[in-house]
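Structure first, commentary second.
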Amino acid sequence: QVQLVESGGGLVQAGGSLRLSCAASGRTFSRYAMGWFRQAPGKEREFVAAINYSGGLTYAADSVKGRFTISRDNAKNTVYLRMNSLKPEDTAVYYCAAPGGDSSSYYYAPRSKGEYTYWGQGTQVTVSS
């Protein structure tokens, strides 16, 4: 049973920073790509960032490129999302996610939520202006 537990959300002023963490358990973490998504009230869940199994390949949505960085520590079974220069429009519940199948292909770091099977419970990020 794969479990994903996010932490690190909170209330921050515009221009501030936060680091989200997602601790994974239930399978060999280092064989799987991971992703971060977010959902604001009244909006669909949207892609934020993804990382391949080794951490050598990452993608970020255009809206966060240059401000957010995804990384992972396979020894700690944890994926991170470092968020800098936060804006009020970044306010959302942030979810980490993992694909269902083996994703130990270097170029596999999916950006579509349909390719993810396991989801965490989410952590709220609120950015005040």
Side-chain angles (χ1 to χ4, degrees):
Q1 183 77 3
V2 175
Q3 288 192 321
L4 304 173
V5 180
E6 302 99 335
S7 61
L11 173 64
V12 64
Q13 287 189 332
S17 298
L18 284 174
R19 189 181 78 159
L20 306 184
S21 301
C22 173
S25 62
R27 65 182 185 184
T28 306
F29 179 74
S30 60
R31 296 173 63 99
Y32 298 90
M34 296 292 293
W36 284 98
F37 289 77
R38 68 186 182 186
Q39 188 166 17
K43 295 188 176 181
E44 289 195 3
R45 193 169 297 189
E46 65 175 4
F47 169 75
V48 175
I51 189 166
N52 75 340
Y53 74 99
S54 69
L57 178 67
T58 63
Y59 295 109
D62 287 344
S63 58
V64 305
K65 204 168 290 183
R67 300 187 298 121
F68 291 12
T69 303
I70 188 171
S71 62
R72 66 190 296 159
D73 185 338
N74 285 345
K76 295 183 178 179
N77 291 353
T78 301
V79 62
Y80 304 98
L81 185 69
R82 178 67 182 180
M83 307 185 294
N84 295 330
S85 302
L86 282 160
K87 304 175 181 179
E89 51 263 43
D90 295 318
T91 294
V93 177
Y94 284 72
Y95 299 90
C96 74
D102 191 316
S103 51
S104 55
S105 167
Y106 184 86
Y107 295 102
Y108 187 70
R111 287 157 279 188
S112 168
K113 57 181 179 287
E115 297 196 56
Y116 289 88
T117 299
Y118 303 103
W119 295 83
Q121 83 288 351
T123 186
Q124 176 71 47
V125 172
T126 302
V127 184
S128 64
S129 57

Would you say E6's side chain and L20's backbone share a donor-acceptor pair under 3.5 angstrom?
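Pair absent, no side-chain N/O of E6 close to backbone of L20.
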
Counting N and O atoms only, with roles assigned by atom type, does the side chain of Y106 sit under 3.5 Å from a partner on the main chain of G56, one being a donor and the other an acceptor?
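Answer holds: yes.
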
Does anything in residues 47-66 form a salt bridge (charged side-chain N to carboxylate O under 4.0 Å, His left out)? List the pairs, not counting sequence neighbours.
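Pairs touching residues 47-66 that pass the test: D62-K65.
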
Donor-acceptor list for residues 22-30 side chains, cut-off 3.5 Å, not counting sequence neighbours:
| residue | atom | partner | partner atom | Å |
| --- | --- | --- | --- | --- |
| R27 | NH1 | P99 | O | 3.0 |
| R27 | NH1 | G100 | O | 3.1 |
| R27 | NH2 | P99 | O | 2.6 |

Taking the ring centre of each residue, are Y53 and Y32 less than 6.0 Å apart?
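Y53 vs Y32: aromatic centres not under 6.0 Å.
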
Near-ring test F37/Y116, centroid separation under 6.0 angstrom:
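For Y116 and F37, the ring centres are under 6.0 Å apart.
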
What are the two closest non-hydrogen atoms of [X] and [Y], and how far apart are they?
X	Y	result
A33	A109	CB-CA, 4.2 Å
T78	S21	CG2-CB, 4.2 Å
L4	A98	CD1-N, 3.8 Å
T126	Q124	OG1-NE2, 3.3 Å
R67	S85	NH1-O, 3.0 Å
N84	S17	OD1-OG, 2.9 Å

Linking I/L/V/M/F/W/Y whenever any side-chain heavy atoms sit under 4.5 Å apart, do [X] and [Y] land together?
X	Y	answer
I70	Y107	no
Y95	V64	no
L86	L81	yes
F47	V79	no
M34	Y118	yes

Restricting to pairs with a member in residues 61-81, which pass ring pair (Phe, Tyr, Trp, His ring centres under 6.0 Å), not counting sequence neighbours?
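Applying ring pair (Phe, Tyr, Trp, His ring centres under 6.0 Å) to every pair that reaches into residues 61-81, excluding sequence neighbours, yields nothing.
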
Trace of the side-chain contact (heavy atoms from CB on, under 4.5 Å) decision for M83 with V125
CA-CA 10 Å; M83 307 185 294; V125 172; 3.8 Å; yes

Taking ILVMFWY side chains as joined if any heavy atoms are under 4.5 angstrom apart, and letting links pass through other members, which residues group with V5?
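None, because no other hydrophobic side chain comes under 4.5 Å of this residue.
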
Any luck finding a side-chain donor-acceptor pair between R38 and Y94 under 3.5 Å?
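Judged by distance alone, the side chains do pair up.
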
Which residues pass the side chain to side chain donor-acceptor pair (under 3.5 Å) test with N74, sequence neighbours left out?
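N74: side chain to side chain donor-acceptor pair (under 3.5 Å) contacts with R72.
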
Roughly how far, to the nearest 0.5 Å, is NZ of K87 from OG of S129?
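Going from the OG atom of S129 to the NZ atom of K87 covers 14.0 Å.
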
If a pair satisfies disulfide bond (SG atoms under 2.5 Å apart) and one of its residues is in residues 98-129, list it, with sequence neighbours excluded.
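Counting only pairs at least two positions apart or across chains, no disulfide bond (SG atoms under 2.5 Å apart) contact touches residues 98-129.
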
